Amino acid sequence: MFDHDEGFVHEQAHLSRTYAELERLRTLLSKKLASIAVDAAKDKDSMAHELTYNGTSFDEMLETYAAFASANKVIEGYNMAADTTARKLSDIDLLLRQPYFAKVTLRYVEKDEVRELYIGAAGATDEAFKRLVVDWRSPVAEVYYNQANGRTSYVANGRVIEVDLELRRQFDIERDVLKAYFDTTVAIEDPLLLKSLASERTPHMKAITTTIQKEQNSVIRHEDVPALLVSGVAGSGKTSVLLQRIAYLFYRHREDLRPDQVHLITPNPVFTSYIAHVLPEMGESNPRTTTWHALAKSLLPAGMEPGKGDVDVRRLRQIEQGVPTLSLTHADYHEIAEGKICFVTANQIDALMHRFANVPMGSRRITLIREELLKKFDQRLKRMAKNDGVIDELSGLSIEEQLRIFNETISPQTEAEERELALRMLRDRYEPIRAAIDRDEWLRIDRIAMQLLGSSGVAPVEWLYAKMALTGMADEDARYVIIDEVQDYTEAQLACMAKHFPRAKLMLLGDENQAIQDRAITFQDIADVLEGEGKATSRCNLMISYRSTPQITALFAKLAHDEGLQIQSVQPAGEEPRLISCTDKADCASTLERLIAKAKEREGLTAVIVPWKGQLKALAKAHGSELPIIGDEESLPERGVFATTLALAKGLEFDAVILPDVSQDAYPATDASRRRLYTAISRATKQVTMLYAGDLSPWLADIR
């Protein structure tokens, strides 16, 4: 756009200098990392020869301990230096793909010189700590995302800093080549955003770091609150925002936030695969990612399936309120045994219940009892280790068994050593028993839950909530939990997740109009559930759709329930959605066959979306290998056409969408059908084609 102007020449020269400096830094860091490895290996080898256990006197033992502690500090120092250098090197590698994507010119004080800051996917400084590139997550970078020249501000270290933003410039850069630049005073639209939106869909989501919009930025940088509920229309970038939010949290808490302390609850495994590359491409690790089904299954007893979780949340409140006054008897306990050996008896549990009767029923009392049972278990194993029969078993262990249990072959020289090895053998053998005690399997949660509810049976979600309420079973280490497509969960499921992550800050994203199940949860319902779990809720809205053309956006906007929604599209105009009337089902099938053949010839991804698995099976039978089917465990293809269910398509986007049946039979005049159509149509970025035979769905009557 500015190939021959003075500004372009200046910016290309700056880019070339910056790129050369980044390459120089990469070489220095690579050499430093190699040097650390060599020095560490030498020191470790030297220490291995010098460090030995000396003497038996107390002073000699202290001296030996001090020597080992000093050696450990040396090794720790090498590890820290290597980690720091590797992280810097990773940032440089990231920047060498695109050193930066934006520039801001700021004036802090009226008569001072302006400061030029270049913003990139990571930060970089030279050896003199001169800033080459500013990380997009740094406080000062917010002035770029505010998208307004003139007087503005940002917050750093708790202080509001006022500045004049005199220039906001975007760059289209590939490695060390400047292709174009755009100033807000020149460009009416956001050129980088439009370029990104025009690209074809791929089987993996991409980061939106260079195109974050103002309303998205407000969510990404939102202050920590107990629960942040984000309502966004289809295509507003909710999933992209949540991933950028995770990257932002890792940056803001880079000294003490581990990836395993951040949990992302996704709708299904296909979606998990779709987003798997985003954070690594930003130089960050993926958080712990799972689905509600997988999380619940890991907490429920073997053989119990999570089910739909469609339980009145008031029953969970009844469980919570009933625990403090709960009275248990022998019938509420499980004995834990292995073969003929009973490690936990009902009498033991009952005796401990009475011993701690002064402690209110709940997690504290259960914890005390659990600790006593584990102590008794350990004492039992110590007594068993003295048994002659156990000693004989130790002697008879094969080489393979010795290596598995002890990681070496054994040859005990004293009776004490023999007993210690026997105890280790028993601990290995009875580890499942210890785990069962630790998981409180000595409690009959089903009977206890029935007592609390006054019912003859309990649903899996009630069992789960009862165990958490009674025993305190929870992930206390989780600091952030992010739940996508929140409208598809039940109130009971959300209550369980909030209770399982008691110390975590929650972020929940969704769209009420995309609730595809018959029973829909409202955002007010969600807020009420979270409030009931002690999570005060804040709310943000994302009203601009970046995914679809104005024609597609206008169509799904008509299907939105809330008349107050102001759904906008920033895409350029495209094709009108196509509605094809077929004479009968056979005509629909042959028309679909022709559409599939055409889709194979196009670039990008085309999805044939049906509401239910039964219809997906029918498509598979009718079209065979000509139409690949994406189920729960498959990943999206690189390009071409495929078929899937609406449940798996949720949260994804495709260049084109084909709905093979939009008749009244498939989408009747129900609110659930309206939401399903809204969701299916809004998956498309450029083209929507809908087929029907017989009566058209009443929700589409005005576009015929």
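For the single chain, residues carry numbers from 1 onward in sequence order. Since the structure is predicted, the reported quantities are computational estimates derived from the model, not experimental observations.
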Closer than 3.5 angstrom, by distance alone: can the side chain of [X] be matched with the main-chain N or O of [Y] as a donor-acceptor pair?
{"X": "E634", "Y": "G631", "result": "yes"}
{"X": "D525", "Y": "T522", "result": "yes"}
{"X": "S240", "Y": "I208", "result": "no"}
{"X": "S538", "Y": "A536", "result": "no"}
{"X": "Q244", "Y": "T209", "result": "yes"}

Report yes if some heavy atom in the side chain of [X] is under 4.5 Å from a heavy atom in the side chain of [Y]; otherwise report no.
{"X": "Q551", "Y": "E575", "value": "no"}
{"X": "I609", "Y": "F654", "value": "yes"}
{"X": "L659", "Y": "Y692", "value": "no"}
{"X": "D511", "Y": "Y678", "value": "yes"}
{"X": "K686", "Y": "Q571", "value": "no"}
{"X": "W463", "Y": "I319", "value": "no"}
{"X": "R676", "Y": "W612", "value": "yes"}
{"X": "L249", "Y": "M507", "value": "no"}

Does a side chain donor of either [X] or [Y] reach within less than 3.5 Å of an acceptor in the other side chain?
{"X": "E320", "Y": "Y465", "answer": "yes"}
{"X": "D665", "Y": "S663", "answer": "no"}
{"X": "T289", "Y": "T272", "answer": "no"}

Considering only NZ, NE, NH1 and NH2 on the basic side and carboxylate oxygens on the acidic side, decide whether [X] and [Y] come within less than 4.0 Å.
{"X": "R315", "Y": "D310", "answer": "no"}
{"X": "E491", "Y": "R317", "answer": "no"}
{"X": "E441", "Y": "R439", "answer": "yes"}
{"X": "D488", "Y": "K650", "answer": "yes"}
{"X": "R479", "Y": "D260", "answer": "no"}

>> Under the side chain to side chain contact (heavy atoms under 4.5 Å, CB included) test against I544, which residue among Q213, Q216, E215 passes?
In response: E215
> Among K238, R683, R547, which one satisfies salt bridge (charged side-chain N to carboxylate O under 4.0 Å, His left out) with E653?
Replying inline: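 The residue from K238, R683, R547 that satisfies salt bridge (charged side-chain N to carboxylate O under 4.0 Å, His left out) with E653 turns out to be R547.
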Which distance, rounded to the nearest 0.5 Å, do you find between the [atom1] of [X] and the [atom2] of [Y]?
{"X": "I526", "Y": "E512", "atom1": "CD1", "atom2": "CD", "result": "7.0 Å"}
{"X": "K613", "Y": "I629", "atom1": "NZ", "atom2": "CD1", "result": "13.0 Å"}
{"X": "T670", "Y": "R675", "atom1": "OG1", "atom2": "CZ", "result": "7.5 Å"}

Quick check on [X]: does its [atom1] atom have over 12 non-hydrogen neighbours (other residues, nucleotides or ligands) under 6.0 Å away?
{"X": "R539", "atom1": "CZ", "answer": "yes"}
{"X": "E593", "atom1": "CD", "answer": "no"}
{"X": "K585", "atom1": "NZ", "answer": "no"}
{"X": "R314", "atom1": "CZ", "answer": "no"}

>> Please verify the inter-ring angle class for W136 with Y145; under 30° counts as parallel, over 60° as perpendicular, anything in between as tilted.
In response: perpendicular
